[in-house]
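What's counted below: heavy atoms across the whole structure, side chains too, no hydrogens, waters or symmetry copies. All values derive from a computational prediction rather than experimental measurement.
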Amino acid sequence: MYTFKAENEYGDILELTHSPDYTVTGIEGLDPPKASINTSVVASFDGSRFNSSRMGERNIVVTVVIEREIEENRIRLYRYFKPKKMVRLYYKNGSRDVFIDGYVEDFQISPFDQRQRAQISVICPEPFFQAMEEMMISFSTLSGEFYFPFATGAEGVPFSIMETNPTKIMTNSGDVESGLVILLQTTGEVRNPRIYNVDTNEFFGLDITMQAGDLVTINTNKGRKSVSLRREGSTENIINSIRRGSSWFQIASGENTFTYEADTAVEELVCTFRYTDKFEGV
C-alpha cells in the first residue's frame, strides 16, 4: 500500500491514490537513477581506468486513469501538472515518507478512449528523494533547575542552565550524503568560529567577530551554498569571510561526529545543525 500526491506551484495538493476520481496504474522512475561512469583507456594494461562517476536526473512517469466526472477531473489534473512548471511529488509506503521536486516535461491524454488515461512525465534535476522530516541537532541543551515545592532567598535561583556540548554524533539514515544548514547564534562577542568534521578532519571557519544576538547561517547543500549574517534585523552575504582551507562538508550516510570552537568566548556560541535524509529510491 502506498500514497502518491502532487503539489503545484501555488501550494495546492492533490492525492491521486485512495481517490474515486483517479486510478494510478503505474509509476516509473522510483528506483535509483542510472549513473554515468567516466573512464579512460590506458595502453599499458587491459580494461580501463576509472575517472569519475555521477548520477543523472530522475525521470518519473505517472500513468493515471481518470474516473467519474471525466472532463472535470481531467481539467483538475491540468492545474497540478502544467508543462515546464514545478511540481512536488509526495510518496509514502510502509518504509519511507519522502518527496521530490521536479518540472513537468510532458502531459499526454487519450481523450477518445473509453477510459481516459493521462501519462505525465516529470524531470527531477535533483535525483534524490528527501525525507519529510528535517533533522535538527543542537549542541546546547537546557537543564531544568526549577522544582516544587519552591522557596528562594533574595539572591534568586536559576530556572534553567544552558549546557554546551562541544561534540555531537549525528546519524544520517539516508542512502547518500547530504548537505547541512549550520546556524551559529551568539549570546556575547565571539571571534572566528570554526566547525570541524572529526571523522574527515575537514573544517569550516569564518574570520569575523560576532556580536551578541548575531545569527550566521551556513548552507553546504550542493547548488545552494551560501553564508549570511543577520545583525539587528538586516542580513548580509559574508562569503568573503570564509577562512582559507575551509570545506563545504557534507554529512555522510551513517554516523558523523562534529565539534566547534572559536578564538574567544566559545561558551557564548550556540551551534545548531539542520539536515534532511536523502534516498536513491523508494
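- Atom CZ of R231 sits in a crowded spot, with more than 12 heavy atoms from other residues, nucleotides or ligands closer than 6.0 Å.
- Cluster annotation: F279 and L180 are assigned to distinct hydrophobic clusters (Ile/Leu/Val/Met/Phe/Trp/Tyr, side-chain heavy-atom contacts under 4.5 Å, transitive).
- Between the side chain of S253 and the backbone N or O of G174 there is at least one donor-acceptor pair closer than 3.5 Å.
- For the residue pair N51 / S40, a side-chain donor-acceptor distance below 3.5 Å is found, with atom types taken as modelled.
- A salt bridge between K222 and E177 is present, with a side-chain N of the basic residue lying under 4.0 Å from a carboxylate O of the acidic one.
- Put simply, the side chain of I137 does not reach to within 4.5 Å of the side chain of F258, judged on heavy atoms.
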ring-ring contact (aromatic ring centres under 6.0 Å, His included) evaluation trace for F129 with Y91: CA-CA 9 Å; F129 291 96; Y91 186 90; 7.2 Å; no
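- Across every non-hydrogen atom of G29 and I60, the tightest pair is O-CG1, 3.8 Å.
- Residues R68 and D21 have side chains in contact (heavy-atom distance under 4.5 Å, counting atoms from C-beta outward).
- Side-chain atoms of Y260 and L184, non-hydrogen and from C-beta on, never get closer than 4.5 Å to each other.
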Mind listing the side-chain donor-acceptor pairs of residues 6-14 below 3.5 Å, one per line with the distance, residues two or more places apart or on another chain?
from	atom 1	to	atom 2	distance (Å)
E7	OE1	Y90	OH	2.2
N8	OD1	Y10	N	3.0
N8	OD1	G11	N	3.2
N8	OD1	D12	N	3.0
N8	ND2	R79	O	3.3

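- Partners of P33 by side chain to side chain contact (heavy atoms under 4.5 Å, CB included), not counting sequence neighbours, listed by chain and number: M55, R58, P127.
- Inter-residue side-chain proximity for I218 and I195 is flagged as met; some heavy-atom pair is nearer than 4.5 Å.
- Residues satisfying the side chain to side chain contact (heavy atoms under 4.5 Å, CB included) test with E71, not counting sequence neighbours, are R74.
- Using a distance-only test at 3.5 Å, with no hydrogens or angles considered, no donor-acceptor pair links the side chain of E261 to the main chain of V266.
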- prompt: Are E69 and R76 close enough, and set up right, to give a side-chain contact (heavy atoms from CB on, under 4.5 Å), and what steps lead you there?
  reply: CA-CA 11 Å; E69 301 294 332; R76 180 152 45 126; over 6 Å; no
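- At least one donor-acceptor pair under 3.5 Å links the side chain of N93 to the backbone N or O of V282.
- Residues E67 and T23 have side chains that bring a donor and an acceptor to within less than 3.5 angstrom of each other.
- No side-chain donor from either of S178 and D277 sits under 3.5 Å from a side-chain acceptor of the other.
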From CA spacing to verdict: side-chain contact (heavy atoms from CB on, under 4.5 Å), W248, I242: CA-CA 10 Å; W248 298 91; I242 298 175; 3.6 Å; yes
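- Remark: E236 CD is packed, more than 12 non-hydrogen atoms of other residues, nucleotides or ligands lying under 6.0 Å away.
- Listed for the R96 side chain is a donor-acceptor partner under 3.5 Å among the backbone atoms of G281.
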field: Step-by-step side-chain hydrogen bond (donor to acceptor under 3.5 Å, both in side chains) determination, N237 to S226
entry: CA-CA 8 Å; N237 181 359; S226 63; over 6 Å; no
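- D263 meets the side chain to side chain contact (heavy atoms under 4.5 Å, CB included) test with R191, N192, R194, R243; sequence neighbours excluded.
- Side-chain contact between Y80 and V87: absent, with no pair of heavy atoms (C-beta onward) separated by less than 4.5 Å.
- Between I100 and E126, every side-chain heavy-atom pair lies at or beyond the 4.5 Å cut-off.
- The heavy-atom pair separating D199 from N256 by the smallest distance is OD2-CA, 3.2 Å.
- Y196 and F203 have tilted rings, their planes meeting at an angle from 30° to 60° on a 0 to 90° scale.
- Exactly one of L269, I208, L183 qualifies for a side chain to side chain contact (heavy atoms under 4.5 Å, CB included) with V216. That residue is I208.
- Using modelled atom types, no side-chain atom of T257 and backbone atom of I169 make a donor-acceptor pair closer than 3.5 Å.
- Of the possible polar contacts, one joining the S110 side chain to the R117 backbone as a donor-acceptor pair under 3.5 Å is found.
- Cluster partners of V198 are absent, since no Ile, Leu, Val, Met, Phe, Trp or Tyr has side-chain heavy atoms less than 4.5 Å from it.
- Distance alone, capped at 3.5 Å, places no donor-acceptor pair between the E72 side chain and the I70 backbone.
- Between the side chain of T187 and the backbone N or O of E268, at least one donor-acceptor pair lies under 3.5 Å.
- The distance from the CG atom of L215 to the CZ atom of R230 is 5.0 Å, given to the nearest 0.5 Å.
- For the pair N172 (side chain) and V176 (backbone), a donor-acceptor distance under 3.5 Å is present.
- In this structure, N59 contributes its side chain and V122 its backbone to a donor-acceptor pair below 3.5 Å.
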task: May I have the step-by-step check of side-chain contact (heavy atoms from CB on, under 4.5 Å) for L16 and L77, ending in yes or no?
output: CA-CA 10 Å; L16 294 173; L77 274 182; 3.9 Å; yes
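- F128 places none of its side-chain heavy atoms less than 4.5 Å from the side chain of T276.
- Residues passing the side chain to side chain contact (heavy atoms under 4.5 Å, CB included) test with E57 are I123, sequence neighbours excluded.
- A heavy-atom distance below 4.5 Å is found between the side chains of E15 and T17.
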